[in-house]
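Heads up, the thing below is written out as structure tokens.
Per chain, numbering begins at 1; letters A, B, ... match sequence-line order.
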2 protein chains.
Amino acid sequence: MNVEPRLNDIISALRGAAHRVTAAKRAVASVLVERSDHSTADEITRAVQRLRPEVSPSTVYRILEEFETLQLVVHAHVGHGATVYHLAGTVHGHLVCTNCGSTIEIPARHFDLLSGDLMKTYGFTLDRHHVAIAGLCADCAGDAATR
Amino acid sequence: MNVEPRLNDIISALRGAAHRVTAAKRAVASVLVERSDHSTADEITRAVQRLRPEVSPSTVYRILEEFETLQLVVHAHVGHGATVYHLAGTVHGHLVCTNCGSTIEIPARHFDLLSGDLMKTYGFTLDRHHVAIAGLCADCAGDAATR
DNA sequence: TTAGATGCAAAGACTTTGCGCACTT
DNA sequence: AAGTGCGCAAAGTCTTTGCATCTAA
């Protein structure tokens, strides 16, 4: 018992919002729960299709969008690649290496200072769920230095 | 005399790197110089075509890529939309409102603390040119509060 | 002269949309 | 029974690529 609760939370949220609970939604939800990391719509689709081969990509997109409006899921844009999705609740930022493409998740508290600064200076409300910072990861920076 | 210098700088950089100087590159360069703000490839293409209608979008993409490798231009990904490009030299970050889509340019110094923090904690080298922070601009945050 | 650049058109990657049938409620 | 959700296929947006031609050096 460690993934079940979240799955049921999602189902409950759907019912609570008077949205229908379908096989496709269950499958997407279970995939999101079992993959704690970020996934592209394509990765999610392929994982869902292992459970239910008939589910189409467009359905996955529609379900992800629905889950986002219910605040069950958040997405982020990490550089060139496709949009990535993950369950809400684990609020964090992303460091994306522009060289090797790897993504590091970091706790939201790293953005506390910046957040306050931007609010004070520009009245801008930073969205901690959605932050993606580009740069070089330690490995790639090292490579560059050695090269 | 205020746009000429930068245009010539670009031409010089091309020559210095033994790259060819063509009409299309001149047109892209002059468009980049006259638009100090960010532009998508499509906007740049349309502006270029006002000068030289025969220039194709693919050429613009290729030229932008070339200019990036020469560090004359940098790009950033601002949320859902297309990649935006601007001349290098004005190092800054971007605040992108997820509600109205507006972009605010902010000086790189806002990222100094975060940058040091990420380096210390993760060995991650933040790319100040490329940072796009999502959130709500002052107007949209106000609207949300009022609504 | 000749390597590199361009224009055009086609292909690609990712995402959205239209439509009729199926399934949840 | 009623209406939402789904699968499929087509369209859309942004970007890249192949190829024959043209051009800067």
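Using a 3.5 Å distance cut-off with no hydrogens or angles, the side chains of A:Thr121 and A:Asp117 do pair a donor with an acceptor. Between B:His94 and B:His38, the side chains place a donor N or O and an acceptor N or O closer than 3.5 Å (distance only, hydrogens not considered).
With A:Thr69 contributing its side chain and A:Glu66 its backbone, the two residues share a donor-acceptor pair below 3.5 Å. A distance-only check finds a donor-acceptor pair linking the side chain of B:Gln49 to the backbone of B:Val55 [under 3.5 Å].
Using five terminal pairs a side, the axes of the helix from C:dT1-D:dA25 to C:dT25-D:dA1 at its two ends make an angle of 30°, given in steps of 10 degrees.
Nearest-nucleotide mapping onto DNA chain C: of B:Lys25 and B:Pro53, the residue sitting toward the 5' end is B:Lys25. Where B:Arg15 and B:Tyr61 each meet DNA chain D at their nearest nucleotide, the meeting point lying more 5' is that of B:Tyr61.
Judged by distance alone, with hydrogens and angles left aside, A:Arg20 brings a side-chain donor or acceptor within reach of the base of D:dT4, the pair sitting under 3.5 Å. For C:dG7, the base has a donor-acceptor partner in the side chain of B:Arg62 [N/O atoms by modelled type, under 3.5 angstrom]. One cannot find a donor-acceptor pair under 3.5 Å joining the base of D:dC14 and the side-chain atoms of B:Thr40.
Here the closest non-hydrogen pair linking B:Tyr85 and B:Thr40 is CD1-C, 4.5 Å. The two atoms that bring B:Phe67 and B:Lys25 nearest to each other are CZ-O, 3.9 Å, heavy atoms only. The heavy-atom pair separating B:Leu7 from B:Ala29 by the smallest distance is CD2-CB, 4.1 Å.
Protein atom OH of B:Tyr85 is 12 Å distant from nucleotide atom P of D:dC14, rounded to whole Å. For the pair A:Glu65 CD and C:dT17 P, the interatomic distance rounds to 8 Å; values are reported in whole Å. We find that CG of A:Leu64 is positioned 17 Å from C1' of C:dT17, with the value rounded to whole Å. Distance NE2 (A:His75) to C1' (C:dT16): 15 Å, rounded to an integer number of Å. Counting to the nearest Å, the C1' atom of D:dT4 and the NE2 atom of A:His19 are 11 Å from each other.
Within the nucleic acid shown, A:Thr22 comes within 4.0 Å of sugar-phosphate atoms alone, with no base atom in reach, counting heavy atoms only.
Set against D:dC8, C:dT6, D:dA25, the side chain of A:Ser56 has D:dC8 as its closest nucleotide. Nearest to the side-chain atoms of B:Ser58 among the listed nucleotides C:dT6, C:dA9, D:dG5 stands C:dA9.
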